[in-house]
Amino acid sequence: MRLDKFLAHTGFGTRKGVKGLIKGKQVMIGDTIAKDGKQQVKPDVDTVYVRGEAVKYQEFIYLMMHKPQGVVSATIDNVSQTVIELLQPEEQLVGPFPVGRLDKDTEGLLLITNDGTLAHNLLSPKKHVDKCYQATISGIVTKEQQDRFKMGIILKDGFNCQPAELEIIEVDDAQQQSEIKITIHEGKFHQVKRMFEAVEQKVIYLKRLSMGPLKLDEQLALGEYRPLTEAELELLTEYK
Ligand code: URA
């Protein structure tokens, strides 16, 4: 890997920006002063020092975000703020992207990484990764609907959903609203909202609680994020 890329990846600025560090003789590869950003470094073999301090290289980042409403699950957007723009500038430099999409008005667990293999495996329809959501529904969710979700809902466009587990948490007759939890095993566009549309009801609040073995850390405020713990990374091993 080029030295300038290595330094950009480890949070020392843009590739252009790290030029100054190298020019100022503040970067060493082993015991040799680096001269040029184009020099090659092997992150697993070479020790790179910036101002005398060894730089820790981590190829991949894994962040859990409590996505707030109003931001889009994308890397770039012409209109709205993206989840990537909520990250620190040095984290944005390593090429992170959200694993799957939550709608702009959906909150909850969002995994952000630059590990393409992990993302591919977690999103692969073949893997049937469970996604659990909490939702507020306008209307009264009934036992009969619960059975229909269990059988597999047919969306208005004719798509046949896999069976989903619908749990009725609370029904408020006065407000004509229901609190539910739903676990789905696939990830079609607007899936939960479209499943309820298929039974003539409307999702008015949606929050993802889990994705596969990852559970939302409720200590995270909306918009906050943190690196995955060792234990959480361990849980993802089968998808790497
Ligand atoms: N289903 C939806 O309808 N929206 C989401 O954001 C996630 C699942």
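One-based numbering, in listed order, for ligands and for the atoms of each.
Put simply, CD on Glu186 and CG on Leu123 are 13.5 Å apart, with the number rounded to the nearest 0.5 Å.
Remark: ligand 1 atoms within the under-4.0 Å shell around heavy atoms of Thr106 are 4 (N), 5 (C), 6 (O). With ligand atoms numbered from 1 in the order given, ligand 1 contributes 7 (C), 8 (C) to contacts under 4.0 Å with heavy atoms of Tyr133.
Proximity of Val203 to ligand 1, defined as any heavy-atom pair under 4.0 Å, is not found for any part of the residue.
Salt bridge Glu218/Lys207: present, at least one basic N to carboxylate O contact under 4.0 Å. A salt bridge links Glu200 and Lys156; the closest N-O separation between the charged side-chain nitrogens and carboxylate oxygens is under 4.0 Å. Between Lys188 and Asp157 there is no salt bridge, since none of the side-chain N atoms of the basic residue sits less than 4.0 Å from a carboxylate O of the acidic one.
Regarding atom 1 (N) of ligand 1, its nearest protein heavy-atom neighbour is Val192 N, 3.1 Å. Of all protein heavy atoms, the one lying nearest to atom 4 (N) of ligand 1 is Asp103 OD2, 2.7 Å.
Within the 4.5 Å cutoff, the side chain of Leu214 has heavy atoms near those of the Glu232 side chain.
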